[in-house]
Each structure stands twice: as structure tokens, then as C-alpha cells.
Visitor: 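Could you have a look at this structure, given as C-alpha cells, before my questions?
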Protein chains: 2
Amino acid sequence: MARLEDIARACGVSKATASLALNGKPGVSAETRRLVLEVAKKLNYRPHAPARSLVLHRTDTLGVIVPDLSSPFYAEVVRGVEDEAVQQGFFLVLTTTLGNPEREEFCLRLLRERRADGILFVTPRGNEHLIREIHAEGFPVVVVDREIQCEDGVVEVIVDNYGGAVQAMHHLLACGYRRIGFINGIPEIQASQERLRAYRDVLSSQGIRVRRSWVEVGWFLPEGGYQAMTRLLRVSPRLDAVFVACDWMALGAMRAIREKGLRIPEDIAVVGFDDVPLAAQTDPPLTTVRQPMVEMGRMGVRLLVQLIRKEQISQKKVLLPTELVVRGTTAHVGSPESPCFRQGNHG
Amino acid sequence: MARLEDIARACGVSKATASLALNGKPGVSAETRRLVLEVAKKLNYRPHAPARSLVLHRTDTLGVIVPDLSSPFYAEVVRGVEDEAVQQGFFLVLTTTLGNPEREEFCLRLLRERRADGILFVTPRGNEHLIREIHAEGFPVVVVDREIQCEDGVVEVIVDNYGGAVQAMHHLLACGYRRIGFINGIPEIQASQERLRAYRDVLSSQGIRVRRSWVEVGWFLPEGGYQAMTRLLRVSPRLDAVFVACDWMALGAMRAIREKGLRIPEDIAVVGFDDVPLAAQTDPPLTTVRQPMVEMGRMGVRLLVQLIRKEQISQKKVLLPTELVVRGTTAHVGSPESPCFRQGNHG
DNA sequence: GTGAAAGCGCTAACAC
DNA sequence: GTGTTAGCGCTTTCAC
């Protein structure tokens with residue numbers, strides 16, 4: 001592959017001049033510049049990024065740490081991340097932790113070694129010390145989807161989990177459901193805790209006693225949702241609705257309900273969380289709380305890039321809204337054929 | 001961040017010695033090595049990867065080009081890619097084309113500039129000239145999920161699309177279905193063409209005339225599957241089964257069937273393709289043809305790494321098998337309550 | 001407007 | 001065993 005020196009020689013100029021010309025900097029005659037560009041094009045010249053990084057002290061690379069890509073939720077977030085990163089002229093080095101703290105540490109070490117210009121954490125739990133450490137070292141850091149205790153300030157993008165869950169619960173109550181179960185994700189995760197808290201608060205505020213047996217855990221996986229729902233139906237057969245902490249689990253929960261021969265929403269209503277693309281495709285289409293997943297990714301990158309460019313950051317903590325999307329898995333009790341109201345698919 | 005020079009100075013040795021010690025090379029006394037390692041650890045030293053790349057002429061980085069991450073199929077493939085890459089000690093620079101040829105070209109240019117050690121294409125169509133060009137330039141290249149005309153040999157990982165589709169069709173016929181529709185993905189894609197060809201061949205071999213109106217296109221998207229199925233039901237209302245070229249589309253097709261008030265599989269059977277994780281979670285669970293998605297990604301990386309290391313490559317074209325997975329969306333015609341046979345979820 | 005030279009952080013020949 | 005030196009490909013003073 002052609003090097004700067006090759007094209008400089010081919011043009012009969014010095015490397016310095018060629019460099020200036022190629023980078024669009026002033027101090028080169030129009031004629032020389034034209035020539036250099038032409039030759040560079042002909043030789044299919046591309047600057048050697050590592051060499052450039054060495055002198056420029058930047059890599060135009062963003063390190064992203066995400067639990068996994070099989071989950072449709074993270075897939076959407078990463079979609080936003082990728083798209084915004086490309087737009088901002090950054091490259092993505094993607095790493096997945098698979099929920100394994102050692103692997104997370106390993107990935108972070110490599111990202112550090114690569115001298116990523118900034119690091120985006122999309123991990124909902126664990127390894128806080130790593131985040132603080134890398135931040136303390138001077139790396140720009142943005143955390144998406146969780147709050148982190150860090151006085152000097154890692155920037156955060158969070159979502160109104162509590163508010164979204166409150167909307168979901170109010171919707172269920174408005175439809176007439178009273179005996180509402182809850183399938184939690186991973187209990188240790190903040191987002192899960194917020195949703196559970198909202199579930200409890202809303203029921204309590206209506207004078208409904210929340211029983212222990214109404215709450216199960218499904219680990220954010222379809223199989224977990226299936227098992228949690230199966231337990232719920234066995235232990236609390238009189239539930240008339242269930243609020244599931246993510247759509248991906250709701251899929252499994254719906255399967256469990258079906259296997260018991262029950263109808264959705266006539267026998268039992270379901271509300272999910274996230275509004276991943278598949279939520280609009282279930283049968284019936286899933287009523288859920290929309291998180292702006294792509295926007296979360298985008299916003300994370302936008303903030304990280306501001307940090308990298310040392311631009312003024314408007315806010316160190318960005319709260320994105322959630323929104324109830326009513327589809328077919330909830331309906332007025334007593335009039336199963338006419339759901340309260342419907343809304344078209346989002347996309 | 002500490003540089004090699006810093007730790008060398010701190011140890012009172014030269015950079016060369018420090019380098020040898022850190023890289024586990026011979027020619028350093030045990031005592032010195034211990035000291036260097038200790039100081040490096042204390043200073044949290046990590047070598048500067050770009051500087052290293054500059055002299056080593058390698059980046060330990062794999063460039064991956066994939067259409068998008070929203071599709072559960074690609075998400076799974078990338079999962080395999082990521083996992084194997086980490087195991088092999090490589091980093092992933094991930095780029096998505098969004099089906100946009102210019103963006104693909106842009107991504108490839110950047111990957112080239114980054115001096116990725118090798119490039120993995122998971123794009124099912126387009127820009128063949130780019131692949132040939134980058135390969136001609138000396139970059140190791142592996143293509144997953146398509147065959148490319150290239151005598152000198154890009155390495156390919158392909159899947160038995162034709163065989164898998166034949167299995168699916170034979171299964172439908174064995175269940176007693178005769179009027180079988182087909183929803184294709186993107187017609188330009190090789191994999192699609194193979195599946196369509198199998199569909200036609202099997203029906204023809206049974207003396208069944210394939211009507212034009214039995215075949216629709218759904219672009220590998222749920223919404224496309226929904227619309228294709230809707231058209232199919234309108235134009236060919238007497239179909240008793242439909243073979244959908246991917247699970248993701250099948251989801252939309254199933255929704256369309258449900259909306260018409262038809263039952264699956266009693267009124268119309270459905271077979272998908274891929275066996276993405278959600279296939280086991282639909283209602284009923286989807287009968288489909290399993291592609292070894294994770295393995296495709298893994299194998300692609302394994303071959304690419306062999307190419308990079310200039311090891312002997314066993315085969316320039318690896319064909320991975322497909323496998324029918326019978327679940328709940330197909331059943332014997334006439335005995336809807338007892339599907340021919342079932343198989344547990346894959347995971 | 002252009003060229004010579006230094007240096008980014010590292011590895012590898014080669015002396016000693 | 002260890003240190004000295006050159007050089008990977010680029011950008012950037014600073015002379016001219």
C-alpha cells in the first residue's frame with residue numbers, strides 16, 4: 001500500500017507538503033494540491049491510521065461495552081450507537097461482556113491499550129470501580145442505562161423507568177385489571193428495581209395489597225419469562241394481568257399462558273417493556289412501554305463525542321422519556337372484544 | 001499513562017530490556033524481568049497499541065461488515081464472530097452497511113485505513129468489486145453466507161440453503177400439505193434464490209404445479225412478511241401451508257394469518273428458516289430450518305485468522321449443514337391436534 | 001510555498 | 001544480559 005512518502009516522491013514534493021495538501025491545510029499552492037490529490041487518488045492512498053494516531057494522540061475510535069447482542073434491546077441500542085458514531089466520524093470497537101465481570105475487565109483493558117478516544121458503557125450493573133478507574137485516568141466515559149455514583153462526573157444517559165412502569169400500571173388499572181402479577185428482570189439492575197418499585201407503589205396507592213406470590217424473576221430472557229409465568233399461573237391462578245419487565249421475556253410469558261390454554265387478553269392481560277421491534281409482531285401485538293433505544297445509543301455517542309472534543313456538555317445526566325404503547329394484549333375486562341384503545345405500530 | 005520509557009527508567013534499565021521482559025522474550029535475567037513486571041503492574045502500564053502496530057505491521061483487529069444488527073439473524077452471526085475473535089485474541093471493528101452500497105464502500109475504506117488484519121464480509125449481496133479489490137490488495141478476506149466469483153480465492157463460509165429448503169418442503173409434503181405458498185426474502189440474494197429453487201424443485205418433483213400467485217416477496221422483514229402473507233391470503237385463499245424464507249418474516253406472516261381469523265397450523269401451516277432464538281417462542285413455536293448462525297460467525301473468524309497467520313487452510317469453501325426443527329406450526333392435515341412429531345427447543 | 005528534521009511509543013538488530 | 005540505535009508512517013515546527 002502506498003505511503004505518504006510514495007505519493008510525495010511521485011509528485012516531486014516533500015512529505016510535509018503532501019501531508020498539508022492531503023489534509024486540506026493552507027500553505028500549499030493550488031497547483032501542487034491538485035497534483036497531490038490526483039496522485040493520491042490514482043495510487044489509492046489512505047493514510048496509515050496507527051501512525052496517525054501515534055502523532056495525533058487520538059484514534060477516532062469509540063470503545064463500546066455491551067452485555068450481549070442476542071438481546072433485541074441491546075441490539076437496538078447498539079444500532080443507535082453505530083449509526084451516530086459513523087456520522088460523527090468515529091469507528092466502533094465493540095466488545096461484549098456476556099455478563100462476565102472478568103471478561104468485562106479484559107475488554108476494558110484492551111480498549112485502554114487501543115487508546116480508544118472514549119468509552120461507552122451500556123452495561124446495567126457491576127464493575128463500578130472499573131468505570132471510575134478508567135474515568136479517573138482521563139478517558140471520557142459515558143454510561144447508558146444506569147446511574148453511577150461518581151461525584152466528579154461520569155456522564156449518564158438514563159430512561160424514565162419508574163415513570164414508564166407507572167404508566168403501564170395505570171393503564172392496566174384503567175382497563176379494570178386488579179390482580180396484577182409482575183415478572184422482574186435481573187433484580188440487581190437499577191432499571192429493574194425502578195420498575196418493581198413503580199409496580200408496588202401504584203398497586204399500593206390503589207389500596208391493593210401486593211402479594212409476594214405475585215412477583216417472579218425472569219432474568220430478562222424468554223425462557224426465564226416462560227418459567228416465571230408458569231410459576232405465577234400455578235401459585236396465583238387468579239391473576240388477571242401480568243406486567244413483564246421486558247418484551248423479550250414477555251414472549252416467553254405469553255407462550256406459558258398459551259400452553260395453559262388461557263387467552264390473551266381475555267383471560268389474562270400482558271404488558272411488556274422496551275417496545276423492541278418484535279413487540280409489534282406478537283400475537284396479539286404486545287402492549288408495552290417504549291424506551292427510546294436507538295436514541296439512547298445516539299445520545300450516548302453524542303455526549304461522548306462532546307466530552308472527547310472538550311465541548312461544553314449541557315447536562316451530565318440526560319433523562320429520556322418512556323411512553324406507553326397500547327396494542328392488543330390488554331383490554332377492558334368484561335368487554336374482551338373491544339380493547340380500550342389501540343395505537344398503530346411504531347415502525 | 002505510563003509509557004515503556006517510564007517503566008524502563010523506573011527500573012533503571014533500557015527500553016529494549018523492558019520491552020523484552022514485558023513481552024516474555026528470552027535474553028533477560030529472571031531478576032530484571034520480575035522487577036520490570038512488578039513496576040509495570042504498579043504503574044498500570046499497557047503498551048500503546050497504535051505504536052505497536054506501526055512497527056509490528058499488524059493491528060490484531062478484524063474488520064467486520066454486516067448489513068445491520070436489528071435482524072436477529074445477523075445478531076446471532078455477529079455473536080459468533082465476536083466470541084471467536086476475542087478467543088483468538090483479536091478485536092472487532094464492527095461496521096454496518098444498512099444495505100447502502102456507498103456506506104459499505106465508506107466502511108471498507110476506513111477499515112483499510114485502520115489496517116485491519118483481515119476483513120470479514122457478512123453481506124449477502126452487492127459490491128463484489130470491492131471485495132475483489134481489497135483482496136487483490138493483499139488483505140485476507142472471508143465471506144460468510146455467499147459465494148463470490150473469484151478464481152484466486154476469497155475464502156467462503158456458506159450454508160446448505162438448498163438442502164435445508166428441500167427438507168422443509170419434504171416435511172410439509174409428509175404432513176400432507178399440497179398447496180404450499182412461498183414468501184421469499186430479497187430476490188437478489190443467493191441464499192434466497194437457492195431456497196426458492198428448492199421450493200420449486202420439490203413441488204415439481206411431486207407433480208404439483210407451482211403457480212405464480214403462490215410466491216411473494218417479503219424483504220426479510222416482519223412487516224414485509226405481513227404484507228406478503230396478506231396478499232397471498234387474498235389472491236390464493238386455498239393455500240394450506242406457507243414456507244417463509246426467514247423466521248423474522250414468518251413472524252409477520254403469522255400475524256397476517258391470525259388477523260384473518262385463521263388458525264396455525266389447523267388452517268394453514270408455517271415453516272420458517274434460520275431458527276433464530278425467537279422462533280422457539282412464537283405461538284405456536286415455529287417449525288423452521290436451522291442455520292448454524294453462531295457457528296457461521298465462528299468459522300468465518302477461524303478461517304480469517306488462519307489466513308492472517310498464513311497457516312494452511314483446509315478448504316477455501318466451507319459448507320455448513322442446515323437442519324429441520326419441527327415445532328408447532330406444522331401438523332398432519334386431518335389430525336390438527338397431533339402434529340407429526342415434535343422436537344424440543346434448541347436453546 | 002516548500003523542504004528538512006524531529007518525534008509520537010514501540011520493537012528488533014546489533015554491539016558490547 | 002543489557003544498552004544503543006534505527007526506523008515503522010505520519011504531522012508539525014521552523015528555516016529558507
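Below, read A as the first sequence line, B as the second, and so on, with proteins coming before strands; counting in each chain starts at 1.
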Visitor: What's the CZ-P distance between R34(B) and dT2(D), to the nearest Å?
Guide: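 Between P of dT2(D) and CZ of R34(B): 13 Å.
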Visitor: From the options dT2(D), dC10(C), dG9(D), select the nucleotide whose nearest atom is closest to the side chain of R3(B).
Guide: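 Nearest to the side chain of R3(B) among the choices is dC10(C).
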Visitor: Check the phosphate of dG9(C) against R52(B), side-chain N and O only, distance under 4.0 Å to OP1 or OP2. Yes or no?
Guide: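 Answer no for this pair, as no side-chain N or O of R52(B) is under 4.0 Å from OP1 or OP2.
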Visitor: Of all the choices, dG1(C), dT11(C), dT11(D), which nucleotide is nearest to the side chain of S29(A) once you look at every atom?
Guide: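 Taking heavy atoms from C-beta onward, the closest nucleotide is dG1(C).
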Visitor: Taking five pairs at each end, how big is the angle between the two axes of the helix from dG1(C)-dC16(D) to dC16(C)-dG1(D), to 10°?
Guide: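 About 40°, once rounded to a multiple of 10°.
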Visitor: Reckon S53(A) touches a base, only the sugar-phosphate, or nothing at all at heavy-atom distances under 4.0 Å?
Guide: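 Answer is nothing: S53(A) stays at 4.0 Å or more from every strand.
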Visitor: Nearest 0.5 angstrom please: M296(A) CE to Y74(A) OH, how far?
Guide: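 Going from the CE atom of M296(A) to the OH atom of Y74(A) covers 8.5 Å.
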Visitor: Identify, residue by residue, the members of residues 107-116 of chain B with a heavy atom below 4.0 Å from DNA chain D, and return them in order of residue number, or none.
Guide: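 Of all residues in residues 107-116 of chain B, none places a heavy atom under 4.0 Å from DNA chain D.
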Visitor: Closer than 4.0 Å, any side-chain N/O of Y45(B) to the OP1 or OP2 of dG9(C)?
Guide: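 So the side chain of Y45(B) is outside the cut-off, no N or O lying under 4.0 Å from OP1 or OP2 of dG9(C).
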Visitor: Side chain of V28(B) only, heavy atoms from C-beta on: which candidate in dT2(D), dT11(D), dC10(C) is closest?
Guide: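 Of dT2(D), dT11(D), dC10(C), dT2(D) is nearest to the side chain of V28(B).
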Visitor: Going from CD1 on I186(B) to CZ on R125(B), what distance comes out if it is rounded to the nearest 0.5 angstrom?
Guide: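 Spacing of CD1 (I186(B)) from CZ (R125(B)) equals 4.5 Å.
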Visitor: Salt-bridged, E76(A) to R298(A), with N to O below 4.0 Å?
Guide: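 Judged by the 4.0 Å cut-off on N to carboxylate O distance, E76(A) and R298(A) do not form a salt bridge.
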Visitor: Looking at E147(A) and K317(A), does any basic side-chain N land under 4.0 Å from a carboxylate oxygen?
Guide: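 Salt bridge flag = yes for K317(A) with E147(A).
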Visitor: Does the side chain of K25(B) get closer than 4.0 angstrom to OP1 or OP2 of dA12(C) through an N or O atom?
Guide: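 For K25(B), the contact criterion (side-chain N or O under 4.0 Å from OP1 or OP2 of dA12(C)) is met.
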Visitor: When you measure from the side chain of L56(B), which nucleotide among dA12(C), dG9(D), dG9(C) comes out closest?
Guide: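 Among the listed nucleotides, the one closest to the side chain of L56(B) is dA12(C).
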Visitor: In terms of side-chain geometry, is the basic nitrogen of R309(A) or D117(A) positioned less than 4.0 Å from the acidic oxygen of its partner?
Guide: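 No, no charged N to carboxylate O under 4.0 Å.
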Visitor: Charged N to carboxylate O below 4.0 Å: is that the case for R9(B) and E5(B)?
Guide: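 Looking at E5(B) together with R9(B), the answer is yes, because their closest N to O distance falls below 4.0 Å.
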Visitor: Among N23(B), D60(B), T59(B), which residue meets the side chain to side chain donor-acceptor pair (under 3.5 Å) test with R52(B)?
Guide: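 In the set N23(B), D60(B), T59(B), the residue that makes a side chain to side chain donor-acceptor pair (under 3.5 Å) with R52(B) is N23(B).
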Visitor: If you assign G27(B) and V55(B) each to the DNA chain D nucleotide with the nearest heavy atom, which residue ends up on the more 5' nucleotide?
Guide: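 The answer here is G27(B).
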Visitor: Please confirm whether the backbone N or O of L98(A) pairs with a side-chain atom of T96(A), one donor and one acceptor, at under 3.5 Å?
Guide: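 Not at all, since once roles are kept as given, no pair shorter than 3.5 Å links the two residues.
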Visitor: L54(B) CG to dG7(D) P: how many Å, rounded?
Guide: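 After rounding, the reported distance stands at 14 Å.
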Visitor: For P26(A) and for P50(B), find the nucleotide of DNA chain C with the closest heavy atom, then tell me which residue's nucleotide is more 5'.
Guide: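 Looking at DNA chain C, the more 5' nearest nucleotide goes with P26(A).
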Visitor: Just the rounded figure in Å: distance from C1' of dG9(D) to CG of L43(A).
Guide: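 Going from CG in L43(A) over to C1' in dG9(D) covers 16 Å.
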Visitor: Please report the distance, rounded to the nearest Å, between CD in E5(B) and P in dC8(C).
Guide: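 Atom-to-atom, E5(B) to dC8(C), this comes out as 8 Å.
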Visitor: Salt-bridge test for E128(B) and R132(B): reply yes if a basic N is under 4.0 Å from a carboxylate O, no otherwise.
Guide: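 Salt bridge flag = yes for R132(B) with E128(B).
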Visitor: Can you list, by residue number, the residues of residues 6-19 of chain B that have a non-hydrogen atom closer than 4.0 angstrom to DNA chain D?
Guide: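 Per residue number, the list reads G12(B), V13(B), S14(B), A16(B), T17(B).
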Visitor: From C-beta outward on H57(B), which listed nucleotide comes closest to its side chain: dC8(D), dA12(C), dG9(C)?
Guide: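 Looking only at heavy atoms from C-beta outward on H57(B), the closest nucleotide is dC8(D).
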Visitor: Starting at CG of L20(B) and ending at P of dC14(C), how long is that distance when rounded to a whole Å?
Guide: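 Result: 15 Å.
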Visitor: Where the side chain of H48(A) is concerned, which of dC10(C), dC8(D), dC10(D) is the nearest nucleotide?
Guide: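 Closest of the options to the side chain of H48(A): dC10(D).
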Visitor: Taking R79(B) first and then D68(A), would you say they form a salt bridge - that is, a charged N and a carboxylate O separated by under 4.0 Å?
Guide: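 No, R79(B) and D68(A) are not salt-bridged.
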Visitor: Could you give the CZ-to-C1' distance, from R33(A) to dG1(C), as a whole number of Å?
Guide: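 The answer, rounded to whole Å, is 11 Å.
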Visitor: Check this for me, if you would: do E38(A) and R34(A) make a salt bridge, where the nitrogen-to-carboxylate-oxygen distance has to be below 4.0 angstrom?
Guide: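 Salt bridge flag = yes for R34(A) with E38(A).
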Visitor: Could you state the CD-C1' distance from E31(B) to dT2(D), rounded to the nearest angstrom?
Guide: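 Computing the E31(B):CD to dT2(D):C1' distance gives 14 Å.
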Visitor: Roughly how many Å is it from CE in M1(B) to P in dG9(C), rounded to a whole number?
Guide: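 Value for this atom pair: 11 Å.
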Visitor: Should the pair R302(B)-E295(B) be classified as a salt bridge under the 4.0 Å nitrogen-to-oxygen rule?
Guide: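 Yes, R302(B) and E295(B) are salt-bridged.
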Visitor: In this structure, which one of L62(B), V66(B), V77(B), V144(B) forms a side-chain contact (heavy atoms from CB on, under 4.5 Å) with L120(B)?
Guide: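 Of the listed options, the one satisfying the test is V144(B).
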